[in-house]
Amino acid sequence: MNSFTDAALPATDSTATTKEAPDLDAQLAKFTGTVGNVRVDNAKMSMTGVDVHYGDAQAIHNVDLDLGKNEVMAMIGPSGCGKSTFLRCLNRMNDTIESCKVAGSLTLDGEDIYERNQDVVLLRARVGIVFQKPNPFPKSIYDNVAYGPRIHGLAASKSELDDIVEQSLKRASLWSEVADRLDNPGTGLSGGQQQRLCIARTIAVSPEVILMDEPCSALDPIATAKIEELIDELGKNYTIAIVTHSMQQAARVSDRTAYFHLGRLVEVGVTNDIFTNPTHQLTENYITGRFG
Amino acid sequence: MSETTEIVRASLAKRYARERRFRLLGLASVMASAAFLVLLLGNILTKAWPAFTTTYVKIDVPLTPEVLRLPDAPDSEAIASARYGRAVKQAMRDLFPDVSSRSEKRALYQTVSAQAEFTVKDAVIANPELIGTTHSLWVLADDDLDTYRKSKSLQAVPEEDRRFKDFQVTWLEELSAQNRIKTSFNWVFFERGDSREPELAGIRGALAGSFYTLIVTLALSFPIGVAAAIYLESFAPRNRLTDLIEVNINNLAAVPSIVFGLLGVAVFINFLHLPRSAPLVGGVVLSLMTLPTIIIASRAAIKSVPPSIADAALGLGASRMQAVMHHVLPLAMPGILTGTIIGMAQALGETAPLLMIGMVAFIVDVPTGITDPATVLPVQVYLWSDSPERAFTERTSAAIVVLLVFLILMNAFAVYLRKRFERSW
């Protein structure tokens, strides 16, 4: 395991503990730079030389990566490899952790998101995030979805807001299940429904990029299947970055896959290639289950 | 496997016995505290009970112009300044014509309260046609008579040890025989301010004083306390300065309350020249005392809101303030209210700092605002418990009952608010 631990990012990979932990130094020695093409032609977000520190511990080492427009990017890797940390840098959610320091260049449509005059509120309206654990507000289903449009003033009238709520719930394929009980508390839904509600809440703001931090790790297979369908569907209109522990999931939903290990970006490539024909030995070891 | 089973089985009896002992200990503690509570309440209630009734005497007041020293055609001013005291004394003499010695006469006049002549006056002013007639009227009895009537134990005391002497007892018996004595609910106690005469002393002044003081305390300490807690929890950077502030707030909660009283005298009265004995100053001093309690409780409540809720709001593009105001604060509200009510209950029962700023003065008028001189319930309890008259003993207990009821109502209101704000997630 890595030397740093981050309470905000709980380790959920059960396979990690059962395998014999290989020597870290030996693994690091195998890393000589990212394999594969990190750049794409129509980049929505572009990261260059990203370093992240938690206090004295470095969590991310010099990562370069592009997120293409309307692309689904899966980030995989063993627990504590920094993929969630990297994801949270993309809409500056790491700002809430005081000891966290981000360096390097991260741009959204060419604008540096860590620049001094970059407005965090605006950034997060453009880059939405769905968390690992479903976290609906303890309010009604309607208010959950309507919250974002309300604070940003996206709807001029009540009927317009109703429209946004309905559209968002439909796109999150939750509408048919909750249409007749929009006033019920969002916390009363099942886990899978709650997570879809959170996704509906995120897309209600019409962000350009959606970040998903292991959105299915707390869900059963049926709910997971629904969310995966949803990601497939959303990928047509949104740029999506998803962190996942399930390689099958990464294979199913993503266009490209990035493999992180010990805070380094080891390999990036078209999903099919990564899973069928990994170039780097570390990637191969992970995908074939030699360590987790 | 089987070895584990045996080891576990061998230790089971011991483990369960330990649990049983612990449960018994807990039960015993609960019983003990319940017993103390029952003892306290029982004691106070039995002592306070007599204070809620009082004795009235019916007298036939001769309202002739000669007795009242009225001119032939009295105007309203003359009626207002007529000698009603003479009429009351005459009425008493008429009841017991045999009483002749000076000291016995004085005792006779004191059978009814000093309030009696004002009762007569009010009756005449309300209806001036009574002048010239003899009017029957129920007037308040003196506290010595009232106490003697209500207290069985006092009746058993030998004459030389009580204020109400045997010849007064015969008057009482005679009055009773003539159906001139009645017991009724003690409205006086709830309608009037303090008085030197126990039968005229009421809790209204202290109740109003406590009310105004607590309003000032709440108005100051709740917003300031909650705002400070929000700032410290959600906005302040973690550094040496905020650590220092935190330590100081915790220490402030443990400062003896009289120190706040001294500060109140020095700053608010001597320096800022705010009125003495006023709920305004009392409320400010008590808010100083209540603030740490509210801040500590509010911070704990804010901290207990899952960070995922704030994260969700921030992730949608809410500003930090929106995340706090829309989500964290409503969820923390039940805890904040609990802390506030604990602080307010402390403030309600606080005496020492109020003594320092002059709220211990003898004040007869019921205060009508936060700058009027006033006293508060616990100080009134203290003042009455210090008074020598027997009738004040029961009034002391009655004041405690009123204080407790005030407290229960306040708590009930807080529970109601908490239920309204409570949401599950």
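In what follows, chains carry the letters A, B, and so on, assigned in the order in which the sequence lines appear, proteins first and then strands, with residues in each chain numbered from 1.
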Legend entry - Polar side-chain atom of A:N94 near backbone of A:T85 as donor-acceptor pair, under 3.5 Å: yes
Inset, instruction - Give, as side chain, backbone, both or neither, the part of B:P237 having an atom under 4.5 angstrom from any heavy atom of chain A. - result: both
Legend entry - Structural part of B:R238 lying under 4.5 Å from a heavy atom of chain A: both
Legend entry - With A:Y238, the side-chain hydrogen bond (donor to acceptor under 3.5 Å, both in side chains) member among A:R171, A:E208, A:E233, A:E71: A:R171
Legend entry - Any donor-acceptor N or O pair under 3.5 Å, side chains A:S159, A:D162: no
Legend entry - Over 12 non-hydrogen atoms of neighbours within 6.0 angstrom of OH in B:Y16: no
Inset, instruction - Select all residues of residues 115-122 of chain A having any heavy atom within less than 4.5 Å of some heavy atom of chain B, and report them by number, or 'none'. - result: A:V121
Legend entry - Interface residues of residues 195-206 of chain A facing chain B - heavy atom cut-off under 4.5 Å: A:R201, A:T202, A:V205
Legend entry - Among the listed options A:R92, A:R126, A:E98, the residue most often paired with chain B at heavy-atom distances under 4.5 Å: A:E98
Inset, instruction - Select one option (side chain, backbone, both, neither) describing which atoms of B:A313 are under 4.5 Å from chain A's heavy atoms. - result: both
Inset, instruction - Please step through side-chain contact (heavy atoms from CB on, under 4.5 Å) for the pair A:I240 and A:V209, ending with a clear verdict. - result: CA-CA 6 Å; A:I240 297 176; A:V209 180; over 6 Å; no
Inset, instruction - Using only heavy-atom distances, determine whether the side chains of B:S308 and B:D311 contain a donor-acceptor pair under 3.5 Å. - result: no
Inset, instruction - State whether a side-chain donor-acceptor pair under 3.5 Å links A:D213 with A:S84. - result: yes
Legend entry - Worked verdict on B:R15 versus B:E19 for salt bridge (charged side-chain N to carboxylate O under 4.0 Å, His left out): CA-CA 6 Å; B:R15 276 151 68 176; B:E19 185 178 323; over 6 Å; no
Inset, instruction - Please determine which of A:D95, A:T96, A:N91 meets the side-chain contact (heavy atoms from CB on, under 4.5 Å) test together with B:L314. - result: A:T96
Legend entry - A:Y147/B:H327 under ring-ring contact (aromatic ring centres under 6.0 Å, His included): CA gap, chis, key distance, verdict: CA-CA 11 Å; A:Y147 182 69; B:H327 300 288; 4.4 Å; yes
Inset, instruction - Determine yes or no for a side-chain-to-main-chain donor-acceptor pair under 3.5 angstrom, with A:T107 supplying the side chain and A:S46 the backbone. - result: yes
